[in-house]
Amino acid sequence: MALVPYDENVLPALSKLHQTSAEFNLANHRIRLSQDWKRLGVAAVVWDAVSSNTSALGSSRYRSGLVKERLQAVVLCMFLEMGNMDLKGKRAIELGAGTGLVGIVAALLGANVTITDREPALEFLTANVRENIPPSQQGAVRVSELTWGENLHLYPPGSFDLILGADIVYLEETFPALLQTLEHLSIENTVVLLSCRIRYERDERFLMELRQRFSVQEVHYDSQRDIHIYRAVKNKTNTEL
């Protein structure tokens, strides 16, 4: 889902941005993430400083799109870091984790976290967890395969207090599977936090679909980066009323 291969011939101007790692100061830790754009695609990069370096990109399409995508993970991490939720002891799952930044920060803030993505990303994610989670907290983090809409029985409803997703609302063909996954994982008290940019009609349609199944409210807006954070809680069914 989040793994989009990168073709250097298509975007040669971005080749200079191929850093093998990125560093962040979050949750009172210096986090150093390995990045593997060429093998795993845009999801394996945390877009941060490059967002302001638009001169190398030229096209407004890239200025407003690609180079800001993974900033959504950074904004969600900052939201968590500000203490908007008490994460200590909470059971959390990150969907479409990419580099794993959000899940790592949630774990450093005290949550027990399952960090998920498709199978090709797991080795990469495991290395980032090993690098950034102190040995005393390693047991609180698990890296696991989850393709949206598939084998959901491996993740029983009610297993998580918090579902985290950054930059996972962008491929319309994945929306049904993503909604199915969110609905499956959620019970009445599960909180979903989604960090996303609303750019196209398809993004609005996703929010409309989400609102049919969840109570949704915007809890944060980063105007500088044009990134929204939505909080969603599953609607009660008739049998629960």
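Note: hydrogens, waters and symmetry copies are ignored here, and every other heavy atom, side chains too, is used. Predicted model only: the values in this text are computed from it and were never measured.
- Residues A27 and L109 approach most closely at CB-CD2, 3.8 Å, considering heavy atoms.
- When the options I229, I168, L95, L164 are evaluated for a side-chain contact (heavy atoms from CB on, under 4.5 Å) with L194, the one that passes is I168.
- Judged by distance alone, with hydrogens and angles left aside, the side-chain atoms of E188 form no donor-acceptor pair with the main-chain N or O of K236 at under 3.5 Å.
- For S195 against I227, the heavy-atom pair with the smallest separation is OG-CG2, 3.4 Å.
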Query - F79/V219 under side chain to side chain contact (heavy atoms under 4.5 Å, CB included): CA gap, chis, key distance, verdict - result: CA-CA 9 Å; F79 179 80; V219 292; 3.7 Å; yes

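- The distance from the CG atom of L87 to the CG atom of N112 is 10.5 Å, given to the nearest 0.5 Å.
- Cluster membership for L210 and M208, using ILVMFWY side-chain heavy atoms within less than 4.5 angstrom, is not shared.
- Y155 and T114 share no side-chain donor-acceptor pair at under 3.5 Å.
- Under the salt bridge (charged side-chain N to carboxylate O under 4.0 Å, His left out) criterion, E201 pairs with R205, not counting sequence neighbours.
- For N25, the CG atom counts as densely surrounded, since its 6.0 Å shell holds more than 12 non-hydrogen atoms of other residues, nucleotides or ligands.
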Query - Verdict with reasoning, I93 to L146, per side chain to side chain contact (heavy atoms under 4.5 Å, CB included) - result: CA-CA 10 Å; I93 184 169; L146 176 55; 4.2 Å; yes

Requested in this report: List the steps, then state whether side chain to side chain contact (heavy atoms under 4.5 Å, CB included) holds for K234 with I187.
Outcome: CA-CA 6 Å; K234 193 175 186 180; I187 58 173; 5.9 Å; no

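- Closest heavy-atom contact between V113 and I115: CG1-CG1, 3.7 Å.
- Looking at V102, L108, I104 one by one, the single match for side-chain contact (heavy atoms from CB on, under 4.5 Å) with C77 turns out to be V102.
- If you take CD on E131 and CD1 on I31, they are separated by 11.0 Å, rounding to the nearest 0.5 Å.
- Note that CH2 of W148 is 11.5 Å distant from CG of L185, once rounded to the nearest 0.5 Å.
- A side-chain contact (heavy atoms from CB on, under 4.5 Å) with F214 holds for exactly one of T190, L182, L207, V233; it is L182.
- Q138 places a side-chain heavy atom less than 4.5 Å from the side chain of V129.
- By the 4.5 Å heavy-atom criterion applied to side chains, Q212 and L179 are not counted as neighbours.
- In terms of the side-chain hydrogen bond (donor to acceptor under 3.5 Å, both in side chains) criterion, residue partners of D226 (sequence neighbours excluded) are, by chain and number, Y221.
- Looking only at side-chain heavy atoms (C-beta outward), S215 and N235 come within less than 4.5 Å of each other.
- Separating the NE2 atom in H29 from the CZ atom in F24 is a distance of 16.0 Å, to the nearest 0.5 Å.
- Minimum heavy-atom separation, C196 to Q72: CA-OE1, 3.1 Å.
- Under the side-chain hydrogen bond (donor to acceptor under 3.5 Å, both in side chains) criterion, Y230 pairs with no residue at all, not counting sequence neighbours.
- Atom CE of M82 has more than 12 neighbouring heavy atoms from other residues, nucleotides or ligands inside a 6.0 Å radius.
- The minimum heavy-atom distance between V216 and A232, with the atom names listed, is CG2-CB, 4.0 Å.
- Residue pairs satisfying the salt bridge (Lys or Arg N to Asp or Glu O under 4.0 Å) criterion with at least one member in residues 153-162, sequence neighbours excluded, are listed as follows: R91-D161.
- Side-chain N or O atoms of D203 include one that pairs as donor or acceptor with a backbone N or O of Y200 at under 3.5 Å.
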**Report entry** side chain to side chain contact (heavy atoms under 4.5 Å, CB included) between D117 and F124, worked out
**Finding:** CA-CA 10 Å; D117 210 316; F124 175 76; over 6 Å; no

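- The closest donor-acceptor contact from the side chain of E23 to the backbone of R32 lies at 3.5 Å or more, if one exists at all.
- For the atom pair OG1 (T181) and CG (L152), the distance works out to 4.5 Å, reported to the nearest 0.5 Å.
- Sequence neighbours left out, not one pair with a member in residues 136-149 passes salt bridge (Lys or Arg N to Asp or Glu O under 4.0 Å).
- Pairing each heavy atom of T147 with each of R118, the nearest pair is OG1-CG, 3.7 Å.
- L101 CG to L26 CG: the interatomic distance, rounded to the nearest 0.5 Å, is 6.0 Å.
- Within the structure, the salt bridge (Lys or Arg N to Asp or Glu O under 4.0 Å) test picks out the following pairs touching residues 208-222 (sequence neighbours left out): E183-R213, E209-R213, D222-R225.
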